[in-house]
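Worksheet: the structure to be examined is printed underneath.
Each residue takes its place number in the sequence, starting with 1. The figures that follow rest on heavy atoms only: side chains count, while hydrogens, waters and symmetry mates do not. When a ligand or atom number is given, it counts from 1 through the structure's own listing order.
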Amino acid sequence: MCGIIGYVGPQGTDVTSILLNGLSRLEYRGYDSAGIAVLTSAGSLELHRRSGKIANLADAVENGSRPGQGTLGIGHTRWATHGRPNDVNAHPHPDCTGVLTVVHNGIIENYAELRQELQQTGHTFCSETDTEVLSHLIEHYYFHQASHDLVESVRFALLRVTGSYAIAVVSREHADLLVGARCNGPLIVGLGEQEQFLASDIPAILKHTRRVLILEEGEIVALRPNSVTVSTLDGKTVQRGPLIVEWDAEAAEKGGYPHFVLKEIYEQPDALRRALLGRIREGQLHLAEMERMQRTGLFDNVQRVLIIACGSSHHAGMLAKYIIEQWARIPVEAVTAAEFRYCDPLVGPETLCIAVTQSGETADTLVGIRQAREQGAPVIAITNVVASAITRLADAVLYLQAGPEIGVVSTKTFICSLAVLYLLALYLGQQRGRISNEQANTILAALERIPGQMQHVLDSARSADDTIEPLAKRIARVSSIMFIGRSVGYPTALEGALKLKEISYIHAEGFPAGELKHGSIALLDPDTPLVAIATSSHVYEKVVSNMQEVRARDARVIAVATAGDEGIRRHADDVLYVPETLEALSPLLAIIPLQLFAYHAAVARGCNVDQPRNLAKSVTVE
Ligand code: F6R
């Protein structure tokens, strides 16, 4: 949800290239307009803004007046909240004098009052954005109360603001100073040699440094070529050491694949291995992260589990409901975070809350978890992003260890969320004495076989015998597809449908297979195919009956089935096979052909697979 980049360094640097390159790594966060401001060595603050993708901005910069070399600059890629995605609403937003300029990710909730107040004192607004109030508010303090001290002006301004923000601010009068601040929006500092970087996310700065300082909520940072100073909004200095990022810039590149999404689908066997790494040792489960919770007695009174998440993470949570209930015999509810807070939730110390959020920044999930915490619930966070906002709200954090996911839609983070939830379910099952060592060994051994089995599905999809791409190309012309499944096949159907609609824009709906006949079957006709999750399971026969009902309506049926099940061909027009595993683990394999199916359908329809319309990777607004 908007990406920010900032740079400060020695005279004569090609700041424009650094900013454009950084923005291109952040484009997954928003891509409806983009802009940069560069303070050139001649002392002018040059601003370029364009609606559309970063390529539009880059063209405008290269074909227009490319800013000369300089010392300082900020850039932004936008996912519009306030104001249409046009050139004027694109960031950076200058103040009235042109001395200051600001980029912002988040929402200033009291912007209307502030705008009115600032207009009454003579400020002129050019855009419809909430961000522009920050430019004028900082201007007000800069020229009046803070005597041109940029850090103090930002501090004064932010004390007036409610809402969420990550910002970067520069002044034409301070060629060696870049100021950033965050409150409920991600912002990191990249520490270089005589140069410093500010960014919404690590991939934007990986080319330059792997030493990263994570800012906490309510902190302001002053970056100068040779120093970085962090302080709180109330002026206290903060000391914090850097993190060393373990992955390199290559991990955030396409690596020869035409799209990040395809690369990330193919990375899933390795991502899954990393998610399991260190957590299964000599066939035994080791969840060190849970031990502290266990020691402090946070599990002692747990009587139910609540999984709070959105989108694909919610689907992983829905799957975990089946698994935790089966393995640990605790009642589980999986709720969509955006609704959780409105149901006046009944949670307390007896409710273990699990937040699943690959980005760690999803506003709906953060708000829900904050509320659960306030009511005394113990919280476990499952996330891919080290030190992200959710980690500060949790008693224990289980990292996905999936590596960077740049494609906007979740693929490998879905698989890894699921893997971590399986481990957690097993932990709870063992802890409650519901899973014997023998059962645990069987499950862990099956889990360890999954990466190889996934690789088999992926390799077949690249071979001459591939059936997924030709099928997707044929189906790409339809306007609607249904997905059905029972038990763990149901959330798998939901996730398959979500992948398809997100990237191909084909209308897709997932249903519990038995529910179809209660209304939605009316939508079926020869032009509306249906995908059935029909892998081996205790509900297999029932799913097959539902497929027969569908075929009786002349709809085309595509089955995802277990290798060796030749009988399924009598009930389906097309079959996508996956290897056999335990029923509980089958979604880890069944989702792979559905991801590939969605990918190839989207490519056949000419869609932008990595950056689908209207979406953003990290949704930091409610
Ligand atoms: C789907 C997708 C979204 C996210 C959702 C939650 O492909 O990416 O549905 O799953 O926005 O995001 P996180 O997991 O970051 O909280």
**Complete:** Under 4.0 Å from one or more heavy atoms of Thr362, ligand 1 contributes atoms 12 (O), 13 (P), 15 (O), 16 (O)
**Message:** Can you confirm whether Ile475 sits close enough to Phe597 that some side-chain heavy atom of one is under 4.5 Å from a side-chain heavy atom of the other?
**Reply:** yes
Atom pairs and distances, donor-acceptor, side-chain atoms in residues 484-496, under 3.5 Å, two or more places apart:
from, atom 1, to, atom 2, distance (Å)
Arg486, NE, Asn546, OD1, 3.0
Arg486, NH2, Asn546, OD1, 3.0
Thr492, OG1, Val488, O, 2.6
Glu495, OE1, Ser312, OG, 2.9
Glu495, OE1, His315, ND1, 2.8
Glu495, OE2, Ser312, OG, 3.0
Glu495, OE2, Lys499, NZ, 2.6

**Request:** Under 4.0 Å, heavy atoms only, figure out whether ligand 1 is touched by the backbone of Glu361, its side chain, both or neither.
**Result:** neither
**Asked** Is the CD1 atom of Ile244 crowded by more than 12 outside heavy atoms at less than 6.0 Å?
**Response** yes
**Request:** Check for a donor-acceptor pair, side chain of Glu219 on one end and backbone N or O of Glu216 on the other, with a separation under 3.5 Å.
**Result:** yes
**Message:** As an exercise, identify every atom of ligand 1 less than 4.0 angstrom from a heavy atom of Ser313.
**Reply:** 10 (O), 13 (P), 14 (O)
**Message:** Heavy atoms only, cut-off 4.0 Å: how does Thr413 contact ligand 1, side chain, backbone, both, or neither?
**Reply:** neither
**Asked** Numbering the atoms of ligand 1 from 1, which are under 4.0 Å from a heavy atom of Val408?
**Response** 8 (O)
**Prompt:** Is it true that Thr383 lies under 4.0 Å from ligand 1, counting heavy atoms only?
**Reply:** no
**Message:** Tell me every residue that passes side chain to side chain donor-acceptor pair (under 3.5 Å) with Thr162, counting only those two or more places apart in sequence or in another chain.
**Reply:** Asn110
**Asked** With no hydrogens and no angle check, is any side-chain donor or acceptor of Ser504 less than 3.5 Å from a backbone partner on Ile506?
**Response** yes
**Sub-4.5 Å side-chain heavy-atom contact between Met290 and Leu398** = yes
**Message:** Regarding ligand 1, does Ser410 bring an N or O atom to under 3.5 Å of one of the ligand's N or O atoms?
**Reply:** yes
**Asked** What part of Glu502, side chain, backbone, both or neither, has a heavy atom within less than 4.0 angstrom of ligand 1?
**Response** side chain
**Request:** Determine, using heavy atoms of His314 and all atoms of ligand 1, whether some pair is separated by less than 4.0 Å.
**Result:** no
**Item:** Those atoms of ligand 1 less than 4.0 Å from some heavy atom in Lys499
**Value:** 1 (C), 7 (O)
